[in-house]
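Below: the structure, in structure tokens.
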Amino acid sequence: MLKKFVFSWIPLLALSFSAVADAQTAPKRDIGYAEYYLKEFEAEVKRANGNANTLFRNKNEALSRVQALVKAYPNDPAVQALYERTRAALMMSKGNYQQITPAMVAYLNNEKQLRERYAKLSMDKWQELLQGRELITRAFPSVEPLKCDEATNPTGKTIVLPGVKYPDNQFVGASGEYIVVGKPSTGFYFVNIGGREWLGPYEAIKRFRREVDASLGENLEFTVLGKITGPAFEIPGNRRTNMAWGWVVEPEALYIDGRIVASFDANHEQGGTFVEEDKVAGIKNSWYTEKSVPQDATPERVMEIFLAAIKEKNFELYKQCINPERYATETAESLLRYHWDLHQQRLHGEYVHAVFSDTKIVVHKGHDDKNDLENFFLDDTQRDRLTKMQGEKVEHATVKSQAFDENGKQVGEKNTHKLIRKGGDKGRWYVDDYEIRF
């Protein structure tokens, strides 16, 4: 009787163990749905190529389905495998990361110290320019041109005029090109920007921005030290006002408060200078980690030097990296400087470093002496003949860059840069499309 009782429990125990096993195993249908959305999410991550700003359409669906499976069937090996894949895809979706070392951002600290030096020099220089002079320091309300007499007429006097905004308040009038300062209720001043007295100091400010302080930007506000040359009757720019009288101011010096002062110099080859401009190159020379482009530098190495030149504000090295044909004319060189400014802004606001990879080189023109497949069928005489027939060898290279911000996070997707080399191994690689962001 006892044996019969024991044997009667065996089928029940087997059913019980089967139920426990089934409870630990996720249904294949649920596994299949979760894996479908996970595969879609993984494919989106791969296409994003490290760009964290991508919209991942299948991300939430994949994560929620895998999460539900893990909570219900934590011991199922298939569910654990999905969990690990999901973790990996999620991390990749957050973008690529790079360890940012102090050397990579040394240029920011160097520039900060240089800015502070020139801020102090400029404050001292501004006080020197003002010292011992009879100045109109209270600009408003201005003397009304039609009501002034010999005693109140400011013509010929020197004024310190704040709030001169360029290019915001620029206008072209009947008698010249000006920046308007003031309003109808307090009177107007028209800063003359049509002559060397303005252009000399302003170009010096632009050089300062290019060589020292990229954070200045394009929209600037000056305090102008200048001489009042007389009245003018103008419509003050895009302001909603009728024609009005104002006093024309001929600039002598421009001061961006706490940043830089530049002065007009009729004898200077560029018409003006900023304070101690001649010492900037010597100060920066000690920063430079790259000073020239080796003849045998690879395309990736040229791009690294190109980036260093921009970081360290070495404009001459920047030009040495670029295909000379790209700045052969005055207009082309102006465009080169424009993109220099853009690169400066990006390296001070968007990213701080870039790495280069995936170099590909093709022969664009001439005989490809490194094409082993073709050269297998040619003897030395034939190769020499082809070299002469096809002319100078011109090679094109592409290099991909990947930029990172100060936290080491990838910024955007990889960008492709083009380089060119002429004359084969006797030539040197140059950056051809210098405009491309990193």
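Since we're looking at a predicted model, the values are computed, not measured. If you read the sequence from its start, that first residue is 1, and numbering goes on from there.
- In this structure, the separation between CD on E42 and OG on S93 is 11.5 Å, given to the nearest 0.5 Å.
- Formation of a donor-acceptor pair under 3.5 Å by the S334 side chain with backbone atoms of E330 is not found in this model.
- For A119, there are no side-chain contact (heavy atoms from CB on, under 4.5 Å) partners two or more places apart in sequence or in a different chain.
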Test Y327 against H339 for ring pair (Phe, Tyr, Trp, His ring centres under 6.0 Å), laying out the working first. CA-CA 12 Å; Y327 54 91; H339 284 284; over 10 Å; no

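- Taking the six-membered ring where tryptophan is involved, the planes of H396 and H364 are essentially parallel, since the angle between them stays under 30° and well short of 60°.
- A donor-acceptor contact shorter than 3.5 Å is absent between the side chain of E333 and the backbone of A328.
- Note on residues 29-40: pairs passing salt bridge (charged side-chain N to carboxylate O under 4.0 Å, His left out), not counting sequence neighbours, are E35-R85.
- The ring-ring contact (aromatic ring centres under 6.0 Å, His included) check on Y166 picks up W198, Y202, with sequence neighbours excluded.
- Counting non-hydrogen atoms of neighbouring residues, nucleotides and ligands closer than 6.0 angstrom, the NZ atom of K414 exceeds 12 such neighbours.
- Using a cutoff of 4.0 Å between basic side-chain nitrogens and carboxylate oxygens, K313 and E111 are scored as salt-bridged.
- With L254 as the partner, the side chain to side chain contact (heavy atoms under 4.5 Å, CB included) test is satisfied by one option alone out of L225, V224, V261: V224.
- Put simply, the side chain of D358 never gets that close to the backbone of K400: no donor and acceptor are under 3.5 Å apart.
- A 6.0 Å sphere centred on NZ of K418 holds no more than 12 heavy atoms belonging to other residues, nucleotides or ligands.
- When the side chain to side chain donor-acceptor pair (under 3.5 Å) test is applied to K422, the partners found at least two apart in sequence or on another chain are E325.
- Side chain of N323 to main chain of R326: no donor-acceptor pair is present (N/O by atom type, distance under 3.5 Å, no hydrogens or angles).
- M303 is listed as a side-chain neighbour of L419, based on a closest heavy-atom distance under 4.5 Å.
- In this structure, K311 contributes its side chain and M104 its backbone to a donor-acceptor pair below 3.5 Å.
- Under a 3.5 Å cut-off, the side chain of N75 and the backbone N or O of Q24 do not form any donor-acceptor pair.
- Panel note: side chain T186, backbone G182; no donor-acceptor pair is recorded below 3.5 Å.
- A cation-pi arrangement is absent between R210 and F208 under the rule of less than 6.0 angstrom and at most 45 degrees off the ring axis.
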Worked check of side-chain hydrogen bond (donor to acceptor under 3.5 Å, both in side chains) between S292 and Q320: CA-CA 8 Å; S292 62; Q320 290 175 31; 6.0 Å; no

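- Contact record, V180 with P236: CG2-CB, 3.6 Å, taken as the closest heavy-atom pair.
- T398 and H417 form no side-chain donor-acceptor contact under 3.5 Å, judged by distance and modelled atom types alone.
- Atom CD1 of residue I305 and atom OG1 of residue T289 lie 9.0 Å apart, to the nearest 0.5 angstrom.
- At least one donor-acceptor pair closer than 3.5 Å links the side chain of Q344 to the backbone N or O of I310.
- Checking each of W247, F233, F171 against F190 for a ring-ring contact (aromatic ring centres under 6.0 Å, His included) leaves exactly one that passes, namely F171.
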Evaluate the salt bridge (Lys or Arg N to Asp or Glu O under 4.0 Å) criterion for residues D296 and R301: first the C-alpha distance (whole Å), next the side-chain angles of each, then the deciding distance (0.1 Å), finally the verdict. CA-CA 9 Å; D296 60 351; R301 183 73 184 113; over 6 Å; no

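- Two rings, from Y178 and Y189, have their centers 6.0 Å or more apart.
- For the residue pair H343 / E435, no side-chain donor-acceptor distance below 3.5 Å is found, with atom types taken as modelled.
- The pair E276-K125 fails the salt-bridge criterion, with no side-chain N (NZ, NE, NH1 or NH2) lying under 4.0 Å from an Asp/Glu carboxylate O.
- Surrounding CD of E406 are at most 12 heavy atoms belonging to other residues, nucleotides or ligands under 6.0 Å away.
- Between E211 and K206 there is no salt bridge, since no side-chain nitrogen of the basic residue lies less than 4.0 Å from a carboxylate oxygen of the acidic one.
- Checking side-chain atoms of D76 against main-chain N and O of A26 turns up a donor-acceptor pair under 3.5 Å.
- A salt bridge does not link K59 with E44: none of the charged nitrogens is closer than 4.0 Å to a carboxylate oxygen.
- A salt bridge is absent between E116 and K120: the closest approach of a Lys/Arg side-chain nitrogen to an acidic carboxylate oxygen does not fall below 4.0 angstrom.
- In this structure the side chain of T416 never reaches within 4.5 angstrom of the side chain of V399, judged on heavy atoms.
- Neither side chain, S357 nor E300, offers a donor N or O lying under 3.5 Å from an acceptor on the other.
- Checked by atom type, the side-chain pair Q410/Q98 shows no donor-acceptor distance below 3.5 Å.
- Pairs engaging residues 253-269 under the salt bridge (charged side-chain N to carboxylate O under 4.0 Å, His left out) rule: D213-R259 [sequence neighbours left out].
- A donor and an acceptor atom, one from each side chain of Q270 and E203, are nowhere located under 3.5 Å apart.
- Listed for the D433 side chain is no donor-acceptor partner under 3.5 Å among the backbone atoms of I436.
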Please lay out, stage by stage, how V355 and F404 fare under the test side-chain contact (heavy atoms from CB on, under 4.5 Å). CA-CA 8 Å; V355 296; F404 298 88; 3.7 Å; yes

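- A donor-acceptor contact closer than 3.5 angstrom is absent between the side chains of N110 and E312.
- For the ring-ring contact (aromatic ring centres under 6.0 Å, His included) test, residues two or more places apart in sequence or in another chain that qualify with F315 are Y318, W340.
- No side-chain heavy atom of T158 sits less than 4.5 Å from a side-chain heavy atom of I136.
- Applying the salt bridge (Lys or Arg N to Asp or Glu O under 4.0 Å) test between E395 and each of K426, R421, R428 identifies R421 as the sole match.
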